[in-house]
Amino acid sequence: MSLLRFEDVRQSYGAEEVLRGISFEMDRGDVEVVIGPSGSGKSTMLRCVNRLTEVDAGTIYLDGEAITTPDTDVNDLRRRVGMVFQDFNLFAHRTALGNVTLGLEEVLDYPREEARTEAMAQLERVGLADQADSYPAELSGGQKQRVGIARALAMDPELMLFDEPTSALDPELIGDVLAVMRDLAEEGMTMLCVTHEMGFARSAASTVSFLDGGQVVERGPPARLFESPANERTGEFLERLTSLHGGEQ
Amino acid sequence: MTTVVALAVGEVGLGVVLQAGDWAFVLRNAEFLLLGAGITVALTLTSVLLGLLAGLPAGIIEVYGSGAVVGAVSRLGVLFRGTPLLVILAFTFFVNPVNVGAFEAATLGLGLRSAAYQSQIFRGAIQSVSEGQMEAARSVGMSQVEAIRHVIVPQALRRSIPGFQNEFTIVLKDTSVAFFIGLAELLTRGFNLFTQTGQSTAILEVVLAVSLVYFVLTVATNQGLDYLGRRFAVPDSGGER
């Protein structure tokens with residue numbers, strides 16, 4: 001059974017229809033990379049999975065269970081689905097360690113010491129154990145994002161969502177974040193990533209989806225989609241992306 | 001200050017206005033006045049506390065609440081901000097069907113009015129915390145209440161210290177209007193001193209002494225809250241979103 005399944009998902013902001021019938025599924029351990037022009041609905045699609053945005057029609061299933069129904073336990077769903085934000089959104093008043101322990105203590109009810117031990121293990125995992133006592137304002141962008149990843153991982157999620165995790169970073173800081181994401185992929189984490197890092201998509205993605213105008217225009221393994229896109233719009237978009245050295249701000 | 005002292009000892013010929021004898025009168029009654037200052041401090045603390053206990057939830061409701069509750073809270077705020085303090089005290093003391101003492105009535109009036117202003121301080125501070133903080137808290141599975149308590153309020157409180165500092169000193173000075181309902185706070189006691197038979201020449205000395213006490217209390221309060229702000233400060237790049 002697939003871990004995540006979209007079934008004809010539609011979403012509108014006012015009169016503008018952002019998602020126009022998205023359907024796809026991914027298995028446990030899959031890494032799905034979503035690419036597409038600005039305004040194509042990539043972020044909205046991601047945010048529908050943990051209900052930061054509500055769908056208007058269609059259904060999303062997590063591990064076979066519909067999660068877009070009114071009686072879904074939203075807090076439990078979000079505990080099971082980790083999210084990494086473009087702007088990091090670290091809790092500004094807490095240290096790196098405090099960012100990771102908060103969910104452990106408040107959501108998973110860990111005692112203080114165990115939360116600390118577990119959080120240190122997660123910071124270790126992203127290579128930031130030595131920055132445990134630093135506040136967000138004292139960290140570089142790349143370090144902030146790795147704390148953001150550790151904060152999400154601490155909840156032991158079944159699925160991780162990455163919303164343009166490197167788009168706000170200086171080029172020289174992107175590598176560390178991508179390395180952590182690659183490690184995660186190799187460990188078998190199921191990941192749904194909105195990113196235009198072609199190198200990451202090539203080496204880590206099982207599937208790449210090209211989103212345009214709120215629809216999945218084309219979907220396939222990265223090698224196939226990048227080398228010989230079947231759709232004209234996919235080809236044009238990839239060409240523009242390549243001419244910008246694979247970056248989009 | 002030195003001028004005042006000089007005037008006080010009558011060296012510059014203004015002895016008619018500022019007489020050493022009148023300062024001696026003030027000193028003889030220092031304990032009486034300081035007891036009044038104690039009541040002023042107590043009234044400030046109870047009023048600001050009531051204002052905090054009602055104003056913080058009100059500010060939170062104005063930002064995150066929905067429906068009729070928000071309307072009710074914001075209308076109450078408009079009402080208390082739009083009514084003169086003396087009129088509020090007339091309600092809490094003279095009109096109040098429950099027979100309460102002047103201190104309780106003053107606390108209620110000053111506290112509710114302060115709540116109306118504090119709610120706006122907290123509302124602004126909460127709104128200045130970026131939406132992403134709430135989303136991040138919710139994304140790890142916290143409820144809205146948990147997110148408000150552990151992520152939004154701790155940041156908002158730090159940002160509300162300057163506004164709170166203002167409000168605190170305003171309440172401190174406004175406790176003097178409890179004179180109106182006969183509470184024996186600092187100003188009332190000063191008034192009682194210089195209206196004693198034969199003490200009309202001491203009016204300036206008494207009022208100066210009273211205002212000096214208010215001034216010292218205000219400065220001390222500000223420094224205390226400054227310390228609080230530094231104590232709980234976290235590194236802030238100003239750009240953290």
Side-chain angles (χ1 to χ4, degrees), chain A residues 43 46-47 49-53 73-96 98-109 119 133-141 144 147-148 150-157 160-163 168, chain B residues 52 56 59-60 63-67 121-164 225-241:
Chain A
S43 288
L46 216 59
R47 293 165 60 89
V49 179
N50 68 352
R51 304 264 302 256
L52 286 180
T53 299
D73 181 341
V74 179
N75 294 335
D76 184 59
L77 166 69
R78 290 175 178 154
R79 207 277 306 149
R80 293 164 62 195
V81 178
M83 186 162 206
V84 174
F85 300 86
Q86 178 176 354
D87 295 333
F88 327 124
N89 291 337
L90 293 188
F91 306 134
H93 64 303
R94 296 178 71 100
T95 61
N99 265 270
V100 186
T101 55
L102 187 58
L104 289 168
E105 287 179 23
E106 298 307 322
V107 179
L108 299 182
D109 295 325
D133 295 327
S134 300
Y135 283 91
E138 300 168 327
L139 298 172
S140 74
K144 282 183 206 173
V147 173
R151 177 174 67 181
L153 287 176
M155 308 308 285
D156 194 20
M160 285 281 286
L161 308 172
F162 290 85
D163 189 5
Chain B
L52 177 68
L56 180 58
I60 292 171
V63 178
Y64 293 109
S66 58
I121 294 171
F122 295 126
R123 182 175 65 88
I126 289 168
Q127 283 172 335
S128 78
V129 177
S130 88
E131 187 58 33
Q133 295 286 310
M134 175 58 91
E135 287 197 342
R138 300 304 305 272
S139 79
V140 293
M142 274 186 241
S143 67
Q144 189 186 39
V145 171
E146 286 171 329
I148 290 172
R149 177 167 161 219
H150 297 291
V151 175
I152 306 298
V153 167
Q155 295 184 53
L157 283 182
R158 286 177 171 87
R159 294 180 191 195
S160 53
I161 285 178
F164 185 77
L225 287 170
D226 274 342
Y227 171 77
L228 204 66
R230 285 195 304 272
R231 169 73 181 74
F232 289 102
V234 292
D236 184 5
S237 64
E240 175 61 29
R241 289 176 289 179

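The sequence lines fix the lettering, A, B, ..., with proteins before strands; numbering per chain opens at 1. Heavy atoms only: backbone and side chains are in, while hydrogens, waters and symmetry mates are out.
In this structure, the portions of Glu106(A) lying under 4.5 Å from any heavy atom of chain B include both its backbone and its side chain. For Glu135(B), the parts lying near chain A are the backbone and the side chain together; criterion is any non-hydrogen pair under 4.5 Å. Contacts of Val74(A) with chain B are absent, with no heavy-atom separation under 4.5 Å from either backbone or side chain. Interface remark: Arg149(B) contributes no atoms to any contact with chain A (heavy atom separation under 4.5 Å). Contact of Ala137(B) with chain A is made through backbone and side chain together, with heavy-atom distances under 4.5 Å. Heavy-atom distances place both the backbone and the side chain of Arg151(A) under 4.5 Å from chain B.
Taking each heavy atom of His150(B) and His93(A) in turn, the nearest pair found is O-NE2, 2.9 Å. Looking at every heavy atom in both residues, Ala136(B) comes nearest to Phe91(A) through CB-CE2, 3.9 Å. In plain terms, the two heavy atoms of Ala137(A) and Pro235(B) that are nearest each other are CB-O, 3.5 Å. In plain terms, the two heavy atoms of Met83(A) and Ser139(B) that are nearest each other are CB-CB, 4.2 Å. Between Val140(B) and Met155(A), the shortest heavy-atom distance links the atoms O-CE, 3.3 Å. Taking each heavy atom of Gln133(B) and Ala92(A) in turn, the nearest pair found is OE1-N, 3.5 Å.
Looking only at side-chain heavy atoms (C-beta outward), Val151(B) and Leu102(A) come within less than 4.5 Å of each other.
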